[in-house]
Enquirer: 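Sharing a structure, written as structure tokens. Questions coming.
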Amino acid sequence: MVANRYEPRELESKWRTRWEESGLYRTDLSQTPDERLYVLVMFIYPSGAKLHVGHWFNYTATDIWARAQRARGKTVFMPMGYDAFGLPAENYAIKHGIHPAESTAANIADIRGQLAAMGAMWDWDKELNTSAPEYYRWTQWFFLKLLEHDLAYKAEAPVNWCPDCKTVLANEQVVEGNCERCGREVVQRRMKQWFFRITRYAQRLLDGLETIDWPEKTKIMQRNWIGRSEGAELQFALADAPATRIKVFTTRPDTVFGATYMVLAPEHPLVPTLTTAAQRAEVEAYCLAARKATEIERTSTVREKTGAFTGAWAINPFTRQPIPIWIADYVLASYGEGAIMAVPAHDQRDWEFAVKFGLPIVEVVSPDGQEHLAEYDQAYPAQGVLIHSGEFDGLPCAEAGRRIAEQAASRGLGGPRINYRLRDWLLSRQRYWGAPIPMINCPDCGAVPVPEDQLPVLLPREVVFGQAQEGESPLATVPSFVETVCPRCGGPARRETETMDTFVCSSWYELRFLSPGYTDGPFDPEVVRRWMPVSQYVGGAEHAVGHLLFSRFFCKFLHDIGMVPFDEPFAKLNHQGMIRRMAYHCPRHGWIAFETTTPVEGSSSARDCSLCGQRTSVFDAKVSKSKLNSVDTGVYLEQYGVDTFRTYLMFMGHFSDGGVWDDSGIQGIQRFLARVYRLAGTVTVPFATIPRLPEPPTTTAEQEVWRKVNRTVQKVGADLTSFDFNTALAAMMELTNVLVPYADGQPDPTLLAWAVRSLVQLVAPFAPHLGEELWESLGGPYSVVDAPWPAFDPAGLVEDQVTLPVQIGGKLKGTVQVPRDATSEECLAAVLADAKLARLLEGRTRVKEIHVPNRMLNLIVR
RNA sequence: GCGAGAGUGGCGAAACUGGUAGACGCGCUGGAUUUAGGUUCCAGUGGCCUCGGCCGUGGGGGUUCGAGUCCCCCCUCUCGCACCA
């Protein structure tokens, strides 16, 4: 028997203690269970803040899914760890003088406690921390392996540089051209940087998408990011120096006869050499302006085309005519060859440029073989047949393109090519708080990798921020770190002082979780072989073209060097939606918290600033500190308990949609759980006598309960598998609404016990503490997560009687009760027996009837 | 501009391959128990209505016996990419 009132607080801490003491959620990875399941939610960045409502949402859903799977007999492994390197800890150190190692350790201790309070099924024995030397030793090892296989290299490249934070920024840390942290406008700088050659895997990364169960949206994003396009490389010789050739990539080799000029990116390496003396001043001025232009200006598509003539000419390899070479910033140095053949008649950008600068426009593709150029006021980009193209005249575009590319190949002037938009992964950072890149620069031997047996290259504890030269890592100011000896010649040498992007750390963590203490390699290959790939991965869609691409690259590399038998790390992926909350902006006080607003009479959403009384602007925004719209989860945990909070989050809407936070419905969940709690108290029969699946009852009331339980078990089981937590809860509430009045009457004690036991098990993944408590109160053996999942009787899914909608002339006019699978004749008889429906049919001729058994009957009358 | 997705009661949302639109919950209305409840339970709750019905899933067309669901056009919003040759 249970106490009268549902009091979550004591109950919850009691069970968490019991779980921990009994090691309920530890998984023995040395075994190979038949049905093993590796469930992974993206690990956490340990910031000093409280857990976000988004963390609760995401982690709860994953935990529910994992619990439901375990209850179905799967052996589940679900770990959690810390993505602990990164810029915020370092900036915090600069501001407050607290060493990143200290603040990170403190944050981890704090976060660990908060995570534990969620009641999730994490196996804390496998916890890992990417900033621990035992971990980053292997991050460095990966770097060396990639280097060994020619997949890591150092080269000069333009990077995002924040002059205030004095560091390079990742693309995702640049928001609308400004530094995400300080708001300062980011500038482009050329710096020598380390890259991973992820582009070599472009095609494999595309192909692999076909083999994994990921949201289509995410696959599309990756495909677009990789950006495969088919076309040709064509080479244009310089008119004055035929040995020098400018390569271009084009998807329209068929239009080469219309290439009336060329454009190079301002950064193209040939620009300084081919610019003539007469044009040098203009070209240099243009290049300077292009370099100074902000990201926003350069990428604006509405901006008018600009450019400068280099004075040089190239020979179109097909028309053999000289064409002028220009530079313009609408050609990007980073895509293709950084140079284009311009075909103004058939490319809108080239058209605009040619019009502005008075360059010739030659039509070479026509819809019908006739000239139409005079009619055009913009480019004609569509397919057609070739004109003004010599021997290729009359051919359709596709065929002509193929032949032109082939001819270019046979003349040694290029040939068919596939180009990818994907760029190599810039991984070096001028930061302290990251894994040091394990390289040594020797004046005699050059860049020498640190031998594997000397790993890890330890991040030195002592460091002073703000002393490094611009563009240098703080590590450059630590002599004991920098000064070393060359592993090759033994002479004095200097260490690489840059550290790795934290995305490197998180590109292989899923493998490390399986053997976090392993010392003979990054992971125990046997355990990985048995448990990988991850069965179910859960995390934010914002990682679609970052982490989720990098991890796939790492995995394919490991596969290729024979370290793992699979080449995709995450077999199935789901994204959580974003939890947002209304944010209020006061014209005088800026962003203000909801608590500093007062409601406006007559409006459900408008609110005034309580400081000055002015009307605020209301935004539906992602929760953030700066907008003061974060959700204080502590209040709800205090008032309602963990189980209610978890369950409410899942009931707000669909998991992949997220939603706007609004606590007004949380009481409904508390009510629901309290009803389940009270129902458990109505069970009077011993646990051992409750059948797994009862015989179909004979009385109507019992049959109704029996069917409802069967249907609920079936639906909840299906919904939990497919992440439809909201509708699973709705189904359980429906069942509760049937059981409460049933229990209040004269229930069949065994049937009721079976119903309640099933309900408790269904609720348990959502409200694990309550589930455990009620399971125990029913007399069930510890733990409910390992109790066989409730069964359902397929016979209990269907009704004997069906309420059949009846339409007359396609309009719903009423319903009739008929036996299941009733024939058309039986249904029609029932309709005629219905006074109201019969009256409607009186005096009409039935011309047709459409009967969908058990669904509807439509009578067409005249 | 390109790509993807979404528009359903006062609110959050349901609706399998076209087949009773609005399940479930919040809120609201009424009632019962409680001589206190921010408790519990019961009933009702899309709009209009002459109480027989009529109208309703962003707007307009269409297909169909039947459309929230399929097709075409338009509007709005969200997300991603953005001069990608």
Side-chain angles (χ1 to χ4, degrees), chain A residues 5 215-225 227-229 231 248-252 255 259 263 265 298-303 305 328-332 334-343 346-350 352-353 381 419-423 541-542 544-545 577-578 580 604-605 620 648 651-654 656-657 659-669 671-672 674-675 678 715 718 724 726-737 740-741 744 803-815 836 847-861:
Chain A
R5 268 180 78 84
E216 197 51 37
K217 174 181 122 178
T218 309
K219 291 189 184 182
I220 289 170
M221 268 202 248
Q222 291 211 348
R223 282 191 201 105
N224 291 344
W225 189 257
R228 176 190 157 107
S229 38
V248 303
F249 173 75
T250 177
T251 53
R252 294 293 302 274
T255 63
V263 185
R298 281 206 59 161
T299 55
S300 166
T301 50
V302 295
R303 191 167 62 118
K305 298 275 179 291
D329 63 7
Y330 81 90
V331 173
L332 308 177
S334 54
Y335 184 78
E337 302 290 344
I340 61 159
M341 63 174 205
V343 184
H346 306 291
D347 180 283
Q348 186 57 25
R349 295 154 301 180
D350 297 343
E352 287 165 19
F353 193 83
N419 191 57
Y420 298 91
R421 203 190 75 114
L422 184 68
R423 294 194 238 163
E542 67 274 16
V545 293
M578 198 187 292
R580 306 180 308 277
S604 56
S605 56
D620 169 358
Y648 179 57
F651 189 60
M652 287 186 356
H654 196 270
S656 57
D657 291 339
V660 176
W661 172 255
D662 168 15
D663 61 13
S664 64
I666 193 167
Q667 280 218 13
I669 294 298
R671 243 170 247 161
F672 163 63
R675 278 158 73 87
R678 281 194 301 274
K715 171 148 182 69
D724 297 312
N726 52 338
T727 48
L729 277 165
M732 289 186 263
M733 288 173 176
E734 283 189 57
L735 175 58
T736 306
N737 292 343
V740 165
D744 279 350
T803 305
L804 190 75
V806 177
Q807 297 179 358
I808 294 174
K811 292 240 177 202
L812 183 71
K813 292 294 175 187
T815 60
K836 185 184 140 196
V847 293
K848 191 177 177 187
E849 57 199 54
I850 294 122
H851 179 224
V852 183
N854 303 324
R855 299 311 293 262
M856 52 74 65
L857 176 68
N858 187 4
L859 303 172
I860 311 300
V861 294

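Below, chains carry the letters A, B, ... as their sequence lines are ordered, and counting in each starts from 1.
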Enquirer: Going by side chain to side chain donor-acceptor pair (under 3.5 Å), name the residues that satisfy it together with A:Q807, two or more places apart in sequence or in a different chain.
Expert: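 Partners of A:Q807 under the side chain to side chain donor-acceptor pair (under 3.5 Å) test: A:N858.
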Enquirer: Kindly give the atom pairs (protein nitrogen or oxygen, nucleotide nitrogen or oxygen) under 3.5 Å for nucleotides 20-27 of chain B.
Expert:
unit_1: B:A23; atom_1: O2'; unit_2: A:E734; atom_2: OE2; d: 3.0
unit_1: B:G25; atom_1: OP1; unit_2: A:N737; atom_2: ND2; d: 3.0
unit_1: B:C26; atom_1: OP1; unit_2: A:R671; atom_2: NH1; d: 2.5
unit_1: B:C26; atom_1: O2'; unit_2: A:S664; atom_2: O; d: 3.0

Enquirer: Nearest whole angstrom, please: distance from the C1' of B:G18 to the CG of A:N858.
Expert: 13 Å
Enquirer: All N/O contacts under 3.5 Å from nucleotides 76-78 of chain B to the protein, with atom names and distances to one decimal?
Expert:
none

Enquirer: Sequence neighbours left out, what passes salt bridge (Lys or Arg N to Asp or Glu O under 4.0 Å) with A:K715? Give chain and number order.
Expert: A:D719
Enquirer: If you write RNA chain B from 5' to 3' in dot-bracket form, with Watson-Crick or G-U pairs under 3.5 Å, [ ] for crossing pairs and | for pairs with another strand, what do you get?
Expert: (((((((..(((......[....)))((((((.......))))))(((....)))..(((((..]....))))))))))))....
Enquirer: Taking side-chain contact (heavy atoms from CB on, under 4.5 Å) as the test, write out the residues that go with A:V852, two or more places apart.
Expert: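 A:V852 satisfies side-chain contact (heavy atoms from CB on, under 4.5 Å) with A:R855, A:M856 only.
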Enquirer: A:E216 has an atom CD; how far is it from atom P of B:G3, in whole Å?
Expert: 15 Å
Enquirer: Going by the rule side-chain contact (heavy atoms from CB on, under 4.5 Å), which residues pair with A:V248 if we only count those two or more places apart in sequence or in a different chain?
Expert: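 Listed in chain order: A:L234, A:F236, A:M262, A:A339, A:M341.
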Enquirer: Go through the structure and list residues passing salt bridge (Lys or Arg N to Asp or Glu O under 4.0 Å) with A:E542, not counting sequence neighbours.
Expert: none
Enquirer: Both A:I860 and A:S334 contact RNA chain B. Taking the nearest nucleotide for each, which residue is further toward the 5' end?
Expert: A:I860
Enquirer: Can you sort out the partners of A:S334 under side chain to side chain donor-acceptor pair (under 3.5 Å), two or more places apart, ordered by chain and number?
Expert: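 Not a single residue meets the side chain to side chain donor-acceptor pair (under 3.5 Å) criterion with A:S334.
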Enquirer: Nearest whole angstrom, please: distance from the P of B:C83 to the CG of A:D329.
Expert: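 After rounding, the gap between these two atoms is 10 Å.
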Enquirer: Just jot down the salt bridge (Lys or Arg N to Asp or Glu O under 4.0 Å) partners of A:D620, sequence neighbours excluded, or say none.
Expert: A:R580
Enquirer: Which residues pass the side-chain contact (heavy atoms from CB on, under 4.5 Å) test with A:R421, sequence neighbours left out?
Expert: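 Residues passing side-chain contact (heavy atoms from CB on, under 4.5 Å) with A:R421: A:W225, A:Y335.
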Enquirer: Does A:R678 have a side-chain nitrogen or oxygen under 4.0 Å from the phosphate oxygens OP1 or OP2 of B:C41?
Expert: yes
Enquirer: Find the distance A:L332:CG to B:C81:P and express it as a whole number of Å.
Expert: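 Computing the A:L332:CG to B:C81:P distance gives 16 Å.
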Enquirer: At under 4.0 Å, does any side-chain N or O of A:K219 touch on OP1 or OP2 of B:G3?
Expert: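 Indeed not, no polar side-chain atom of A:K219 lies that close.
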Enquirer: Please name all residues satisfying side chain to side chain donor-acceptor pair (under 3.5 Å) with A:E849, sequence neighbours left out, ordered by chain then number.
Expert: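 A:E849: no side chain to side chain donor-acceptor pair (under 3.5 Å) contacts found.
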Enquirer: Taking only side-chain N and O atoms of A:R421, does any of them lie within less than 4.0 angstrom of OP1 or OP2 on B:A82?
Expert: yes
